[in-house]
Structures are given as C-alpha cells and as structure tokens.
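Structure, as structure tokens:
Side-chain atoms are counted along with the backbone in the values below, which use heavy atoms only and exclude waters and symmetry mates. Counting starts at 1 for both ligands and their atoms, following the listed order.
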Amino acid sequence: MEERNAAEILIEALPYIRRFSGRTIVIKYGGHAMVDEDLKEAFARDITLLKLIGIHPVVVHGGGPQINDVLDKMGITPRFVRGMRVTDEATMDVVEMVLGGKVNKSIVALVNRQGGNAVGLSGKDGGLLLAEKMPGVVVEDADKPPELLDPGLVGDVKSVNPAILHTLAGDGFIPIIAPVGVGENGETYNINADLVASRIASALGAGKLILLTDVDGVKDASGKLLSALDRETARRMIASGEISGGMIPKVECALSALSQGVEKVHILNGKIRHALLLELFTDQGIGTMVKS
Ligand code: ARG
C-alpha cells in the first residue's frame, strides 16, 4: 500500500462513520484474539472507539479452550460430536461458570479499562435467550453400525428477547454476552457462540455481524482471499467443496444471518491487530464481506 498520511486515512473512514453511526454491529469474539494479551487490548480499544463514535457494538464471546482448561483441572475429559461439546450436568456447570464468570468478566474489565462502559450478561439475563435442546446426531463410522449420539445440554436458540440489549445500548453500555441460554423449564443450555451472535444480530436488526476467526476469511480453490462474496457464490462453493472444513459452519452462519435480515456479514482474522477498524473504516477491508 502506498504511503498515506493520517488525515487521508481518517477521511476514508468518514463516510463509514456516517453510515454506521446509530447502527448496531454484533461481533463474535473468539479464537486467538481472545487469548493474546496484545490482541485483547487492541480489541477492547476498537470496541470502545466504535461506541464513542455512536455505533452500538454488541459482543458475543466463545471460550472453548478456557472451558477445556478447567475441565482438565477437574479431571473431566471433553468429548465432542460433530463439533458440539457433549454437555452433561457437571460439564454444563463448568461451562456456565467459566463462560459467564471468568471469561465474561475479564472481557468486561478489559473494555472498561479502555474507557468503554461494558456490562456482562448471559442469555439468562433479562430473558435474552430462550433455548431448546439440540436433537441427537446420527454418527456413522465405517466399521460400526450408525449410532445416535445425544450431545446433552447443547441448546439451539428458540427465541431472542433483545429488550435488555436495547436498554443497555441506549444508555451508553456495551453488552458482552456469554452464550448460555435457558430452557422453558429453567434448564441451562450451552449454545454455540456463532449461532447466538447471528440470532442476536437478526433480533436487533443489526447492520452487520462480524465473525472474528483465526483465518483471513474465505479463500478460493487457489488459496486467494475473497474480499467479497454473495449468497449464490457461497452456496455454490460449499456444494463444490471449494469451501470446506471449519469454514463451512462459518459461511452457513453468515448465510443464515443474511436470510434473517442482517445486511452484511464479515469474516475476519482476529489475529490482525485492529481487524475491526481496518475492516469497518477502509474501502478495501481486510477480510471477506458476505452480502446478499
Ligand atoms: N468498510 C466497508 C464496510 O464495512 C467496506 C468493507 C469492505 N470489506 C471487504 N472485505 N471487502 O462496509
């Protein structure tokens, strides 16, 4: 990139600030950006800056590695089916304590230290996330008969009541959400953070959903980063196998958010310092923007 002065960079941001000010942006925070101290601080600054220029950031975080650490200390071996953590009651207790406690509060404290006004909550607070049990999955292994595996207390999002988020955002707070939900009979569910972020984005009528991952974005067969992607192309690339592995659920999450009214979904590499600002306030961005 050619040398540019600070004024030019700020001027490039101006139309985006004007366009996004007053709008809600939901950010799924996870992966490396949530572990590395330097990246954590940069993220907290980005969020604080967004709020100060009138954008309403809402953060939904993950915490898989942190949960595994605590399970490990307790002598519990994590198990997964199709990427879902098999969650019995004891595991659910750990998930809730770690996500809603330690992880959530450390993000809140980090943002507050940068001068943001963060408030932590889980899907239980204000009745934010009504959950229902995910059905079991049939797992077929070559040498065994198909088996129905029950992931236990893994939840799907049945409905979202965003009232508490409107209250907080309107009063100048930045909501930081742990992806734990409550069932109709008061049961606690562990819910995938991407899914929670996408459903909250649609319930809030968010202009954008941003998924922070550990890769640059969606790449084509030759490994080139795709800066923009439309729905049709994304579907075709999943069908053809060009989009594969861990990128499939990310892109599917993006497509489902778009079909539920979110305007744009951005898949970014959270390992890039200030990834949020670089994507939101430059013309080129740094990741993949998925739109209708
Ligand atoms: N800053 C603009 C936006 O957030 C454009 C971003 C373009 N990003 C991309 N990956 N092509 O809407």
Heavy atoms only, cut-off 4.0 Å: how does A228 contact ligand 1, side chain, backbone, both, or neither?
neither
Of I67, N104, I191, which meets side-chain contact (heavy atoms from CB on, under 4.5 Å) against L99?
I67
For ligand 1, which atoms, with element, lie under 4.0 Å from some heavy atom of F20?
3 (C), 4 (O), 12 (O)
Which residue and heavy atom of the protein sit nearest atom 2 (C) of ligand 1, plus the separation
Y16 CE2, 3.4 Å
Report, in ascending order of atom number, the atoms of ligand 1 lying under 4.0 Å from any heavy atom of L280.
1 (N), 2 (C), 4 (O)
Among all protein heavy atoms, pick out the one at the shortest distance from atom 10 (N) of ligand 1; state its residue, atom name and that distance to 0.1 Å.
G287 O, 2.8 Å
Assess whether atom CZ of R85 is packed by more than 12 heavy atoms of other residues, nucleotides or ligands within 6.0 Å.
yes
Quick one: nearest non-hydrogen protein atom to atom 8 (N) of ligand 1, plus distance?
E279 OE2, 2.8 Å
What residues, two or more places apart in sequence or in another chain, satisfy salt bridge (Lys or Arg N to Asp or Glu O under 4.0 Å) together with R19?
none
Considering only protein heavy atoms, which is closest to atom 4 (O) of ligand 1, and at what distance to one decimal place?
K208 NZ, 3.1 Å
Can you classify the ring geometry of F43 versus Y29 as parallel (below 30°), tilted (30 to 60°) or perpendicular (above 60°)?
parallel
Which residue owns the protein heavy atom closest to atom 7 (C) of ligand 1, what's the atom, and how far is it?
D283 O, 3.5 Å
Just distance, no hydrogens or angles: give the donor-acceptor pairs under 3.5 Å from side chains in residues 264-273, sequence neighbours left out.
| from | atom 1 | to | atom 2 | distance (Å) |
| --- | --- | --- | --- | --- |
| H266 | ND1 | E279 | OE2 | 2.6 |
| H266 | NE2 | K208 | NZ | 2.8 |
| N269 | OD1 | K271 | N | 2.9 |
| N269 | ND2 | D216 | OD1 | 2.8 |
| R273 | NE | D38 | OD2 | 3.1 |

With respect to atom 5 (C) of ligand 1, which of L225, T282, I267 exhibits the smallest heavy-atom separation?
T282
Any R19 heavy atom less than 4.0 Å to ligand 1
no
Mind checking whether Q284 contacts ligand 1 via backbone (N, CA, C, O), side chain (CB onward), both or neither, at a 4.0 Å heavy-atom cut-off?
backbone
Shortest heavy-atom approach to atom 11 (N) of ligand 1 - which of G285, G207, G217, S227:
S227
